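As structure tokens, the structure follows; a few thoughts come after it.
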Protein chains: 4
Amino acid sequence: MGSTPQPRRGNTRQRIQDVALELFAEQGYEKTSLREIAERLQVTKAALYYHFKTKDDILSGIFEDLNRPVEELLEWGREQPRTLETKKEILVRYSEALKAAAPLFVFMQENQAAVRDLSIGPTMKQRVVALVDLIKEPDAPLTDQVRCFTALFAMHAGMMALRDAEGDPEEKREAALEVAIELVTKAHDPGPTA
Amino acid sequence: MGSTPQPRRGNTRQRIQDVALELFAEQGYEKTSLREIAERLQVTKAALYYHFKTKDDILSGIFEDLNRPVEELLEWGREQPRTLETKKEILVRYSEALKAAAPLFVFMQENQAAVRDLSIGPTMKQRVVALVDLIKEPDAPLTDQVRCFTALFAMHAGMMALRDAEGDPEEKREAALEVAIELVTKAHDPGPTA
Amino acid sequence: MGSTPQPRRGNTRQRIQDVALELFAEQGYEKTSLREIAERLQVTKAALYYHFKTKDDILSGIFEDLNRPVEELLEWGREQPRTLETKKEILVRYSEALKAAAPLFVFMQENQAAVRDLSIGPTMKQRVVALVDLIKEPDAPLTDQVRCFTALFAMHAGMMALRDAEGDPEEKREAALEVAIELVTKAHDPGPTA
Amino acid sequence: MGSTPQPRRGNTRQRIQDVALELFAEQGYEKTSLREIAERLQVTKAALYYHFKTKDDILSGIFEDLNRPVEELLEWGREQPRTLETKKEILVRYSEALKAAAPLFVFMQENQAAVRDLSIGPTMKQRVVALVDLIKEPDAPLTDQVRCFTALFAMHAGMMALRDAEGDPEEKREAALEVAIELVTKAHDPGPTA
DNA sequence: TATGAATGAGGGTTCATTCAT
DNA sequence: GATGAATGAACCCTCATTCAT
């Protein structure tokens, strides 16, 4: 009882990443110690160091794996014409990407300060900038910039409200997407007001 | 240098809070050590403990001071009729409050994970909920809830963009406010769509 | 309510000693901080330093006050002939002295290690030696020395059992006294065995 | 000196316990710092934490190891008939056990206050109660209870007198045992008096 | 008679990391 | 593919004590 040895050779690296992300998202990066990760895996701290060079490295690994779809989205987006349709499609795809990597994004949203001077910090920042660049017009006025930036945030926030609130996560995601599209649409073609 | 004994009038408590907030916002809560705060004040760590019972307590003190305007805003808001005009006024006032306490809000935005299990954690959560409650209709559909939540976020984000970007902070704040009002207006009276 | 200012000027020194002894006996010397004492008196730590030079000094003060009867007993004892009657009388008087200063003696019994290198340490040791000297014969065999030493211990133990156990403290004290007398009597006149 | 790297075989845990007990007994629990223990072992404080979870835990470890004989004695005692012979045998064996673990018992005697709210505190108390229960009659009058309690104390005291006094420790132990037996015998069969 | 403000030394504890095996 | 043992640096915090006011 409770003693299943679970050898599972070969996949330890993956298991470390899984547990680490789980704890990082739950408690924050700084408050999660390697001891804790190791204990939950029934492994020694030293074992973690066989698979990863540093704590930072564990996070990097997770990020690289889960972030690939977003990177691909960026590449795809850069080759499209900057039409409203394209922008909408980007939002839709981004929303999908978020769904797949929800815990990572929740984590990054809630641990910005901690993540900032980790090795993924710069990458992350660039990625946000790049995304905004794809959905806003080159010389958009400040208000439209805010709209686009907020559209992204809305989608991240959709993930986080998942923590507390009532309601199906999937529905929330769709609602967030809808609002994001609305914002970007308005930014694309300001209409009568400005 | 460092030899002038420094008058040390009765403002130490305030100076601690100032420096602490500065460092918390700059580096994050966990990465800011009391040693660092003390050193920057040319004081011993023990001196901090004369003025505050704990590290958490320093943050609490800051929060209590800077959060008072928001608390007053909430009280005021609860006594008003839930009209669109009221909602707009709330956003305007909130934006003003943010301006005065910018670093604190940036800090809280970027350190959610760390702050969550500090003593101000619960208070903060309630406060967001209360604010959203004031600007959304009681049984608003999910999309409208997202709009209102996002409106708040937009304004916080306005503060943070301050960090990186080009442009006058004051202009950014106004842009964020405009977008927030737009979102809440849409949520208040959905119009033809949804 | 709960705010009676209790000025009681003049007797602060005494009140400090009272509270200190109370806490020392309850928690031990090392685990009782001056902060704690001060707080319970609604006074600042610095105030304690107006009345006593050091923490050690507070204990010394208590000891000197409460130990005087024992000191007088020793002086009296030294002038008496070393008869069995005298010895019994000494035990009786000592038991009485213990009754008056119970918490102090409980404290000293339970904090020997801590007390040993305080200023009262040496005094205390001498005093035990002096007491034993009064109730044992000069060249008593080892067994009789143990009897006399144990007699004293028995009386101290009587105080401590007061903490846990059932029964009237006064009765316990008398029982302890009885056993002590028995031991000293046996030591005084070994009888057939030895 | 201090440069020989020292083989560091797998006995570190034991060495920590040895040094710790030595210092605890010499200076008291509270006054012995982990730094001190570590230094004497030419090891870092952190190394102690590899082997023990906490300072309290170090003491627990020592206690568990050295207390086993007493525990076995208790078990044995509970299976014997409560005759005078049994009681005597218990005292004899207990005395032997004390001999083997002298420093621990001296320590516990002198640090009662400190030990009381450590994790071994409750265990220790129970153990004394259990021992007394074995050597006193169920409904013994108060005086007899004191005799039995004192008998145990006498033996502990025998250990401590070792610190100061003249004379062979072994002889002292035997003297203490003799007095203890005497007390318990008297308690077992009160004789003419009461 | 006291207090407010501060200090220096040290406490126990935890962390990410290393390295020989 | 992993462990056992250890380290160095830092952590938050508490203490007894001081001194100008």
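This one's a predicted model, so the numbers in the text were calculated from it and none came from an experiment.
- For the pair Thr12(A) and dG1(F), the criterion of a side-chain N or O lying under 4.0 Å from OP1 or OP2 is not met.
- For the pair Gln14(B) CD and dA5(E) P, the computed distance is 14 Å after rounding to whole Å.
- As rounded to whole Å, 13 Å separates atom P of dG8(E) from atom CG of Leu48(B).
- Side-chain contact between Asp57(C) and Tyr49(C) is absent, with no heavy-atom pair separated by less than 4.5 Å.
- In this structure, the CG atom of Leu59(C) is 15 Å from the C1' atom of dA16(F), given to the nearest Å.
- Rounded to an integer number of Å, the gap from Gln42(D) CD to dA5(F) C1' is 17 Å.
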Handout entry: Structure string for DNA chain F in dot-bracket form, Watson-Crick and G-U at under 3.5 Å, | interchain
Key = .||||||||||||||||||||
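- Of the two residues near DNA chain F, Arg13(A) and Ala47(D), the one whose nearest nucleotide lies more 5' is Arg13(A).
- Here the side chains of Leu59(D) and Val115(D) are in contact, with some heavy-atom distance below 4.5 Å.
- Here dT14(F) presents its P atom at 17 Å from CD1 of Ile37(C), a figure rounded to the nearest Å.
- Here the P atom of nucleotide dA20(E) and the OH atom of Tyr50(A) are 17 Å apart, to the nearest Å.
- No side-chain heavy atom of Lys31(B) sits under 4.5 Å from any side-chain heavy atom of Glu26(B).
- Contact check for Tyr29(A) versus Leu118(A): side-chain heavy atoms found under the 4.5 Å cut-off.
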Taking only N/O atoms, report every protein-nucleotides 12-16 of chain E pair under 3.5 Å with atom names and distance.
residue	atom	partner	partner atom	Å
dG12(E)	OP1	Lys55(D)	NZ	3.0
dG12(E)	OP2	Leu34(D)	N	2.9
dT13(E)	OP1	Thr54(D)	OG1	2.8
dT13(E)	OP2	Tyr49(D)	OH	2.4
dT13(E)	OP2	Thr54(D)	OG1	3.3
dT13(E)	OP2	Lys55(D)	N	2.9
dT13(E)	O5'	Tyr49(D)	OH	3.0
dT13(E)	O4	Lys45(D)	NZ	3.3
dC15(E)	OP2	Arg35(A)	NE	3.2
dC15(E)	OP2	Arg35(A)	NH2	2.9
dA16(E)	OP1	Lys55(A)	NZ	2.8
dA16(E)	OP2	Leu34(A)	N	2.9

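- Annotation: side chain of Ile120(B) is in contact with side chain of Met108(B) (closest heavy-atom distance under 4.5 Å).
- Taking side-chain N and O atoms only, His51(D) has a distance below 4.0 Å to OP1 or OP2 of dA6(F).
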Exercise for the section: Would you sort out whether Asn111(D) and Glu30(D) count as a side chain to side chain contact (heavy atoms under 4.5 Å, CB included), showing the intermediate values? Expected result: CA-CA 9 Å; Asn111(D) 289 268; Glu30(D) 327 241 19; 5.7 Å; no
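- Following rounding to the nearest Å, Glu39(D) (CD) and dG10(E) (P) show an atom-to-atom distance of 10 Å.
- Within the 4.5 Å cutoff, the side chain of Gln27(A) has heavy atoms near those of the Glu36(A) side chain.
- If you measure from atom CD1 of Ile16(C) to atom P of dT1(E), you get 11 Å, rounded to the nearest angstrom.
- Side-chain contact between Thr123(A) and Phe63(A) is present, with at least one heavy-atom pair separated by less than 4.5 Å.
- Two residues are said to be in side-chain contact when any heavy atoms from C-beta on lie closer than 4.5 Å; Ile58(B) and Leu34(B) meet this criterion.
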